[in-house]
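As structure tokens, the structure follows; a few thoughts come after it.
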There are 2 protein chains.
Amino acid sequence: MPQIDQTDRRLLKLLQRNAQLTSQELGEALNLSASQAGRRRQRLEETGMITRYAAQIDPRKLGLDVQAFMQVELASQAPQAAQAFQQLVESCADITSVWTLTGESDFLMRVYCANLAALNDLIHRVLLPHPAVARVHSQIVLDQTKRDAPLPLP
Amino acid sequence: MPQIDQTDRRLLKLLQRNAQLTSQELGEALNLSASQAGRRRQRLEETGMITRYAAQIDPRKLGLDVQAFMQVELASQAPQAAQAFQQLVESCADITSVWTLTGESDFLMRVYCANLAALNDLIHRVLLPHPAVARVHSQIVLDQTKRDAPLPLP
DNA sequence: GGTGAAATCTACCTAGG
DNA sequence: CCTAGGTAGATTTCACC
């Protein structure tokens with residue numbers, strides 16, 4: 001596995017903010033030739049450092065006016081409960097990310113809904129009736145004051 | 001503002017998973033000509049539906065082995081406390097996203113650190129000593145079971 | 001929906017440490 | 001021998017028809 005140097009880190013930082021930068025523009029920003037910048041980018045893709053390029057969407061323009069984080073506690077720690085919950089999560093498009101965390105609650109989920117009624121439906125008609133789910137604690141996002149900054153460069 | 005139809009939504013879904021799809025590939029997936037697919041994509045960019053294209057990085061390969069979510073409660077509700085906290089957040093690269101939420105805690109933050117020691121330093125040497133910060137509750141990410149799915153299509 | 005000019009990527013080649 | 005810079009063919013985009 002090749003070593004990552006400071007130039008690679010700066011390249012990653014730039015591409016996290018704007019993946020459309022051309023090899024030429026990257027080269028100018030990093031004092032490299034376009035071909036070298038392109039070669040570095042390709043190597044970062046091949047080694048799995050860059051996992052993918054993704055379009056970011058404005059959820060409000062899509063009609064998704066409500067975002068929330070939910071902490072979910074399962075009824076049991078048994079593996080089949082976790083598996084049943086996992087199926088629920090996969091089948092629900094409103095849930096975009098799920099993390100397992102240390103601490104009292106078992107899962108943290110990020111959800112997007114069209115409105116408050118849809119969020120309440122998700123909680124009371126989908127999550128709480130599910131046998132694997134014991135408790136749901138939901139907090140609605142009022143504002144995002146810092147969004148998707150590049151990863152820190154260690 | 002032009003209306004978004006079902007084809008636009010499918011296009012957005014594809015581009016969220018892979019922003020490198022060419023107009024030709026998009027056209028094949030959507031039963032459109034390449035020129036029409038490209039035109040739709042351009043329109044979604046111009047109207048701000050697509051806010052940017054971003055490279056996604058594998059944090060572990062960068063040496064960021066610890067992720068966490070933190071809930072931060074401020075010492076006061078005064079605007080200058082929030083503003084001081086905002087400056088702290090902006091100056092700290094480990095904090096990649098910050099949300100304001102409903103409920104008891106004032107902020108939810110997502111952080112990436114090289115290791116547990118760095119995370120503890122962040123909590124005890126940066127956040128807690130800051131005059132605006134009253135309480136910090138941190139939960140480490142053990143696993144991400146669903147990651148960055150496309151936004152739901154309403 | 002199609003076409004062509006301009007721009008970009010990428011594989012290959014050459015030079016230098 | 002390995003890394004950096006340059007070049008040409010193929011691919012893609014985008015303004016226009």
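Just the heavy atoms: all of them, side chains too, but no hydrogens, waters or symmetry mates, feed the values below.
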Open item on the list: Just to be sure I understand the geometry, which residues of residues 5-22 of chain B put a non-hydrogen atom under 4.0 Å away from DNA chain D?
Closed with: B:T22

Task: Nucleic acid contacts of residues 35-42 of chain A, taken as heavy-atom distances under 4.0 Å to DNA chain D - done: A:S35, A:Q36, A:R39

Task: Flag, side chain of A:Q144 to backbone of B:W99, donor-acceptor distance under 3.5 Å - done: no

Among residues at least two apart in sequence or on other chains, which ones pass salt bridge (charged side-chain N to carboxylate O under 4.0 Å, His left out) with [X]?
X      : result
B:E45  : B:R41
B:D65  : none
B:D121 : B:R125
B:E73  : B:R135

- [ ] Quick one: which residue pairs count as a salt bridge (charged side-chain N to carboxylate O under 4.0 Å, His left out) with a foot in residues 83-99 of chain A, not counting sequence neighbours?
- [x]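 Every pair satisfying salt bridge (charged side-chain N to carboxylate O under 4.0 Å, His left out) with a residue in residues 83-99 of chain A: there are none.
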
Task: Whole-Å distance separating the CZ atom of A:R43 from the P atom of C:dA11 - done: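 About 15 Å, once rounded to whole Å.
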
In chain order, what residues pass the side-chain hydrogen bond (donor to acceptor under 3.5 Å, both in side chains) check against [X], with sequence neighbours excluded?
X      : answer
A:T100 : none
B:Q20  : none
A:D5   : A:R40

TODO: Hey, could you give me each pair passing side-chain hydrogen bond (donor to acceptor under 3.5 Å, both in side chains) that has a residue in residues 110-120 of chain B? Not counting sequence neighbours.
DONE: B:Q67-B:R110, B:R110-B:Y112

Open item on the list: Can you give me the first and the last nucleotide of DNA chain D (5' to 3') that has an atom within less than 4.0 angstrom of a non-hydrogen atom in chain A?
Closed with: D:dA4 to D:dG6

